[in-house]
Amino acid sequence: MDRYIVTGGAGFIGSALVRTLLARGYRVEVIDNLATGYRRNLDEVQDQITFHELDIRDYDRIAPVIAGARRVFHLGALPSVPKSILQPVPSHEVNINGTFNVLRAAAEGGAGRVVFAASSSAYGDTEVLPKTESMSPNPLSPYAAQKVLGEYYCSVFAKCFGLETVALRFFNVFGPRQDPTSMYSGVLSIFLTCLIEHRSPTIFGDGEQSRDFTYVEDVTELILKASEADGVSGKVYNAGNGNRYTLNQTWDLLQKMEGVSIPANYGTPRAGDVRHSQADVTAAVRDLGHAPRFSFEEGLRRTLAWYRDDLERQAVASDSGVTLVS
Ligand code: UD1
């Protein structure tokens, strides 16, 4: 049976993709070193997958797993713009060397198409919105530069080594299982847990920066489409929703949804931050059949419900003395 590899499959987007693939009846193998992902993200599907606790920096160990796979979804990365500024070495090693290793393993091992998780941070600040793939990249952080180089490597592997590749620039993906506990966590995971616990979030800067927040299931569907579409190898596509909301609008919306009033705190702007982000999805719709299904509010509702259930699960587990090992 054909094998589908997901690097970073224990992460937030990777574990959602694993579920999407399993729902299609595919045989799924995960490569993850659990640096930022968790085994618990795969809890109820663990019997249906093969889990390889491996680091993508270790070519010799990942190569045999990737060899011969039908599709490789390369989502393994050290995410976060600010983390890449504070700790550029590990993020370089994982995001650049690790990506090269995955592509090399796929090319040398005769694997099928690689779909790469690129980033909307590639654009930096542009004068024009929405952002289209024809704009020149303008990375403002090591993370953004690393993701742009990953795209270039994808297209060069397609040109020079005959490996099929597609790069998708993810635009601020959110949804269930996004880890809210780190200082580098995605802003919506932080906002939603603050909302449930009636705490004030800290907004970095004036809150007028905007993002194209994209619900995770719309992204996993697009990833699947990108893995099968004809005539797209070597190309880069936006994986966004096409809308944008400022952080102030977003926190207001969440308070209204819950019927509460919790003023946010404001802190200094974050280094490397992009001001506005909004995807032009024309090319993804035309070439890949992208069809986002979830409005921002619907995505927020689903994600909020998931965090609420998760907090209850954790409370029950701690009452019963069960330790949740991550
Ligand atoms: C960037 C990329 C995104 C990528 C992600 C990986 C852009 C436009 N987006 O996300 O494609 O997937 O890196 O990590 O570059 N913020 C607060 N308070 C908080 C946390 C964050 O105000 O507690 C602010 C940040 O300063 C930023 C915004 O919220 O302005 C979004 O931050 P975050 O969720 O970390 O994502 P990006 O850095 O935008």
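For ligands, and for the atoms within them, numbers begin at 1 and follow the listed sequence. Along the sequence shown, residues are numbered consecutively beginning with 1.
- No side-chain donor-acceptor contact under 3.5 Å links N95 to the backbone of A77.
- When only non-hydrogen protein atoms are considered, atom 34 (O) of ligand 1 lies nearest to V187 N, 2.7 Å.
- When non-hydrogen atoms are compared, ligand 1 lies under 4.0 Å from the side chain of R211 (C-beta onward) but not from its backbone.
- In summary, the atoms of ligand 1 found under 4.0 Å from a heavy atom of G186, numbered by their order in the structure, are 34 (O).
- Using a 4.0 Å cut-off between heavy atoms, L188 makes no contact with ligand 1 at all.
- Polar contact with ligand 1: absent for L247 (N/O pair, distance under 3.5 Å).
- Heavy-atom contacts of S80 reach the following atoms of ligand 1: 6 (C), 14 (O) (cutoff under 4.0 Å).
- Classification of the F171-Y123 ring pair by plane angle, with boundaries at 30° and 60°, yields tilted.
- Between R40 and D43 no salt bridge is recorded (no basic side-chain N to carboxylate O distance below 4.0 Å).
- Within the structure, ligand 1 lacks Y123 among the residues with a heavy atom less than 4.0 angstrom away.
- The single protein non-hydrogen atom nearest to atom 22 (O) of ligand 1 is F204 N, 2.8 Å, given as residue, atom name and distance.
- Using a distance-only test at 3.5 Å, with no hydrogens or angles considered, a donor-acceptor pair links the side chain of R71 to the main chain of S227.
- Checked by atom type and distance alone, the side chain of N238 never pairs as donor or acceptor with a backbone atom of A284 at under 3.5 Å.
- In terms of protein heavy-atom proximity, atom 1 (C) of ligand 1 is nearest to V81 CG2, 3.9 Å.
- Listed by atom number, the atoms of ligand 1 under 4.0 Å from S277 heavy atoms are 8 (C).
- Counting heavy atoms from C-beta outward, T20 and E221 have side chains that approach closer than 4.5 Å.
- Of all the atoms in ligand 1, the ones that sit under 4.0 Å from a non-hydrogen atom of S119 are 2 (C), 3 (C), 4 (C), 11 (O).
- Looking from atom 15 (O) of ligand 1 to the surrounding protein, the closest heavy atom is S121 CB, 3.1 Å.
- Close approach of ligand 1 to S120 is summarised as follows: ligand atoms under 4.0 Å from at least one heavy atom of the residue are 2 (C), 3 (C), 7 (C), 8 (C), 9 (N), 11 (O).
- Panel note: side chain R39, backbone L34; no donor-acceptor pair is recorded below 3.5 Å.
- In this structure, H290 contributes its side chain and K225 its backbone to no donor-acceptor pair below 3.5 Å.
- A side-chain donor-acceptor contact under 3.5 Å links D212 to the backbone of N241.
- Counting the atoms of ligand 1 from 1 in the order shown, those under 4.0 Å from a heavy atom of R270 are 21 (C), 25 (C), 26 (O), 32 (O), 33 (P), 35 (O), 38 (O).
- Annotation: atom 18 (N) of ligand 1 to nearest protein heavy atom, T202 O, 2.8 Å.
- Ligand 1 places these atoms under 4.0 Å from at least one heavy atom of I203: 22 (O).
- Near D273, meaning under 4.0 Å from one of its heavy atoms, ligand 1 places the atoms 25 (C), 26 (O), 27 (C), 30 (O).
- Cation-pi geometry between R302 and F294 is not met: the NZ or CZ atom fails to fall both under 6.0 Å from the ring centre and inside 45° of the normal.
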